[in-house]
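So the structure is just underneath, and the comments pick up after that.
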2 protein chains.
Amino acid sequence: MRMKITKARRLILEELRKCRSHPTADELFRRLRLQLPRVSLATIYRNLELLERRGLIRRLDLGSGRRHYDGNIADHAHIRCIECGAVADICSPGRRWWHEIQQESGYSLIGSQIEVIGLCPRCLKRKKGNERRR
Amino acid sequence: MRMKITKARRLILEELRKCRSHPTADELFRRLRLQLPRVSLATIYRNLELLERRGLIRRLDLGSGRRHYDGNIADHAHIRCIECGAVADICSPGRRWWHEIQQESGYSLIGSQIEVIGLCPRCLKRKKGNERRR
DNA sequence: ATAGTAATGATAATAGTAATCATTATCATA
DNA sequence: TATGATAATGATTACTATTATCATTACTAT
Ligand SMILES: [Mn+2]
Ligand SMILES: [Mn+2]
Ligand SMILES: [Zn+2]
Ligand SMILES: [Zn+2]
């Protein structure tokens, strides 16, 4: 089954490759409607699934209830602010660790989903300010 | 608000500490009903949330659609078989990496959720067998 | 034993994602 | 460029895991 290049598909991939914000399906839907007003949310989901299966994008199952999508398929991990939800890139733990777990677990490794949770610099600052004020 | 020790709560924690299989809420529900036939699924969810907030268990938001729970709160990561869904323990990447990302990202780190995906030894074997047969 | 209140069971509500289906758009071929 | 096969779409519904609601029950400090 070959993949046709449709307007929605092209725009979704472009948007994901352009932005660094790891949007959800709904965020992409709202952005895409500006250029393609009649697009359906179902089209967003279907294309995200297809693009992920083709290895053109990454799907992030963070623990926030909604999935995030990433146009950057280079090896990297993510950090999410527990306060504002922002998702940023971080570097992965090294190849060393990867080989270790492959040896120890006996699994054949396919991919990884590594998320670190914390407070982003902005929220950290705000929280500290609030504490001082009390 | 202090936490009362109820039958359901005690049994959930015992089951999670005993088993190594990282069950979902529904799996726990079915197991608990053998000992507590009138228990409600809502009770399972409420207790899991409470126990997680108290730091007595861990909640795993893997990319499988359902959450898994872990009675082992020692520092470790997880590996999930993409074929059969089995979730096993692996060791975390080292403290070194943790410090690096704290420095580089500027975040104040709280926790991490690290999942590696692959094929478990059993599924790997089965798949190889099938290929040979073709 | 009792009073105060946290927890429960039953059930409805929510929300994100997936499925359905008639219609439309894409694209290899002529 | 026109055509035909079929992949993709929009609109809508269905599904499923989790959360909220609320009257009733079970804990526990006194
Ligand atoms: Mn990223
Ligand atoms: Mn574990
Ligand atoms: Zn933040
Ligand atoms: Zn397996």
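When the nucleotides C:dT8, C:dA7, D:dG10 are ranked by their closest atom to the side chain of B:Arg46, C:dT8 comes out on top. Considering only the side chain of A:Arg67, C:dA18 comes nearest among C:dA18, D:dT19, D:dG10. The side chain of A:Ser40 approaches D:dG10 more closely than any other nucleotide in the set D:dG10, C:dA18, C:dA10.
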Where do A:Met3 and A:Asn47 land on the side chain to side chain contact (heavy atoms under 4.5 Å, CB included) test, with the steps shown first? CA-CA 10 Å; A:Met3 181 173 72; A:Asn47 278 295; over 6 Å; no
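Taking the ring centre of B:Phe29 as origin, the terminal cationic atom of B:Arg31 falls outside the region bounded by 6.0 Å and 45° from the ring axis.
Going from atom CD of A:Glu27 over to atom OH of A:Tyr69 covers 11.5 Å, rounded to the nearest 0.5 Å. Taking CG from A:Asp70 and CZ from A:Arg20, the interatomic distance works out to 7.0 Å, rounded to the nearest 0.5 Å. To the nearest 0.5 Å, the span separating NE2 on B:His68 from CG on B:Leu48 amounts to 12.5 Å.
With hydrogens and angles ignored, the 3.5 Å screen pairs no side-chain donor or acceptor of A:Trp98 with any backbone N or O of A:Leu109. A side-chain donor-acceptor contact under 3.5 Å links B:Ser105 to the backbone of B:Ile101. For the pair A:Arg9 (side chain) and A:Lys4 (backbone), a donor-acceptor distance under 3.5 Å is present. A:His76 places a side-chain N or O within 3.5 Å of a backbone atom of A:Ala74 that can act as its donor or acceptor partner.
In this structure, the CG atom of A:Leu50 is 15 Å from the C1' atom of C:dA18, given to the nearest Å. C:dG9 atom C1' lies 12 Å from atom CD1 of B:Ile44, rounded to whole Å. A:Arg53 places its CZ atom 13 Å from the C1' atom of D:dA7, with the value rounded to the nearest Å. Nucleotide D:dT16 holds its P atom 11 Å from the CZ atom of B:Arg66, rounded to whole Å. Here C:dG16 presents its P atom at 18 Å from CD of A:Glu49, a figure rounded to the nearest Å. C:dG9 atom P lies 11 Å from atom CG of B:Leu41, rounded to whole Å.
The stretch residues 8-38 of chain B has no heavy atom under 4.0 Å from DNA chain D, so no residue of it qualifies as close.
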Going 5' to 3' through nucleotides 25-30 of chain D, assign each nucleotide B (protein heavy atom under 4.0 Å from a base atom), S (under 4.0 Å only from sugar-phosphate atoms) or - (no protein heavy atom that close). -BBSS-
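Each of B:Ile73 and B:Ile79 belongs to its own hydrophobic cluster when Ile, Leu, Val, Met, Phe, Trp and Tyr are linked at side-chain heavy-atom distances under 4.5 angstrom.
Taking a pair as Watson-Crick or G-U with both hydrogen-bonding distances under 3.5 Å, the stems of three or more pairs touching DNA chain D are C:1-30 with D:1-30.
More than 12 heavy atoms of other residues, nucleotides or ligands sit less than 6.0 Å from atom CG of A:Leu34.
OP1 or OP2 of C:dA18 has not a single side-chain nitrogen or oxygen of A:Tyr45 nearer than 4.0 Å.
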